[in-house]
**Q** 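Sharing a structure below in structure tokens format, with a few things to ask.
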Amino acid sequence: MNPLGLHAMVVTIGGDATATRHAAEVAARTGYDLLELPILDPASLDTTAVRAAATDLGLQLATSLGLTRDTDVSSQDLTAVRAGTQRLHQAVEVTAAAGADWLCGVLASALGRYPGPPTRQGWDNAVAVLREITDHAADVGINLGLEVVNRYESNLVTTIGTGLDFLDAVGSDHLWLHLDAYHALIEEDSLDGAVRQAGDRLGYVHVGQNDRGDLASGTVDLVGLLAALVDIGYQGPITFEAFSRATADPDLANILAIWRSPWTDGEALAADAIAFLRAHLPDRTDA
Ligand code: MN
């Protein structure tokens with residue numbers, strides 16, 4: 001049965017112990033199995049508090065991040081590659097210390113719009129770093145989800161096909177594809193095709209609508225996506241991701257071009273989202 005996850009920024013801006021506890025309480029109260037915590041600054045995560053909140057509330061945990069220009073492991077600038085390597089090692093440590101099973105997101109490049117396509121050297125740099133980071137992940141017993149994002153948020157891995165090439169180049173059982181419906185809508189021929197192409201290399205899924213709001217309305221065929229996930233026997237986490245200026249970290253909101261606040265009540269949105277997910281996942285309809 002797929003763990004159903006809630007992205008913490010649906011309900012809270014902050015990443016401190018109080019905000020994290022609040023997000024965990026909302027996730028548990030609305031029936032989620034998993035809480036995903038953004039760790040753009042991994043060192044700032046209070047791993048003891050997060051672990052305690054998850055244990056108290058019976059939640060699984062995931063963490064996620066996007067690298068920056070200064071920590072871009074797909075750069076040709078070795079200073080940035082080294083800083084990114086250090087950032088990812090730190091993220092792996094923090095993820096394991098918090099008791100999370102997954103570290104996801106834009107792990108192989110900066111999160112943001114690039115001025116040009118990736119370079120061969122940049123690809124090779126990212127592959128080499130991810131080999132080192134997946135070894136670390138294996139040592140501490142976590143998995144990494146390489147999020148496939150749209151062209152405005154990376155230039156490196158923007159399709160499932162390129163993601164498969166990247167996974168092959170890295171060659172680790174601890175690196176999985178992380179498919180996000182919002183990004184796939186822009187880049188893939190079909191969501192169904194993207195799920196089938198990812199197949200058993202798919203480890204983590206974000207469900208989000210084109211307007212990054214309520215799952216039940218919008219142009220992304222999430223019913224079709226969930227049907228495809230069921231059809232291929234996908235058993236991994238399915239995490240609801242949505243962004244409103246009202247509940248997103250301002251810096252992340254700027255990178256993701258979240259200019260408006262179409263909703264302010266994250267808990268209500270989270271409750272609606274899990275009802276939608278349950279309604280379209282056969283083994284969850286009675287949950
Ligand atoms: Mn996502």
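Start at 1 and go down the list; that is how both ligands and their atoms are numbered. All of these numbers come straight from a predicted model, not from anything done at the bench. In what follows, every heavy atom counts, from backbone to side chain, and hydrogens, waters and symmetry copies are set aside. Throughout, numbering of the chain's residues begins at 1 and tracks the sequence.
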**Q** Kindly say whether the aromatic ring centers of Phe240 and His206 come within a distance under 6.0 Å.
**A** no

**Q** Is the closest side-chain donor-acceptor distance between Trp102 and Asn143 under 3.5 Å?
**A** no

**Q** Report yes or no: is the cationic atom of Arg69 (NZ for Lys, CZ for Arg) under 6.0 Å from the centre of the six-membered ring of Tyr114, at an angle within 45° of the ring normal?
**A**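 Yes, a cation-pi geometry holds between Arg69 and Tyr114.
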
**Q** Which of the N/O/S atoms in Asp180 sits closest to the Mn ion (ligand 1)?
**A**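 Of the nitrogen, oxygen and sulfur atoms in Asp180, the Mn ion (ligand 1) lies nearest to OD2.
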
**Q** For N/O/S atoms only: which one belongs to Glu241 and is nearest the Mn ion (ligand 1)?
**A**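 Closest to the Mn ion (ligand 1) among those atoms: OE1.
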
**Q** What heavy-atom pair brings Glu25 and Leu57 nearest, and what distance separates the two atoms?
**A**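 Heavy-atom minimum between the residues: N-CD1, 3.7 Å.
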
**Q** Counting backbone and side-chain atoms alike, does His206 have an N/O/S atom under 2.8 Å from the Mn ion (ligand 1)?
**A**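 Within the cut-off used here (under 2.8 Å), His206 does place an N, O or S atom near the Mn ion (ligand 1).
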
**Q** Checking one value in my table: which N/O/S atom of Glu147 lies closest to the Mn ion (ligand 1)?
**A**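 In Glu147, the N, O or S atom with the shortest distance to the Mn ion (ligand 1) is OE2.
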
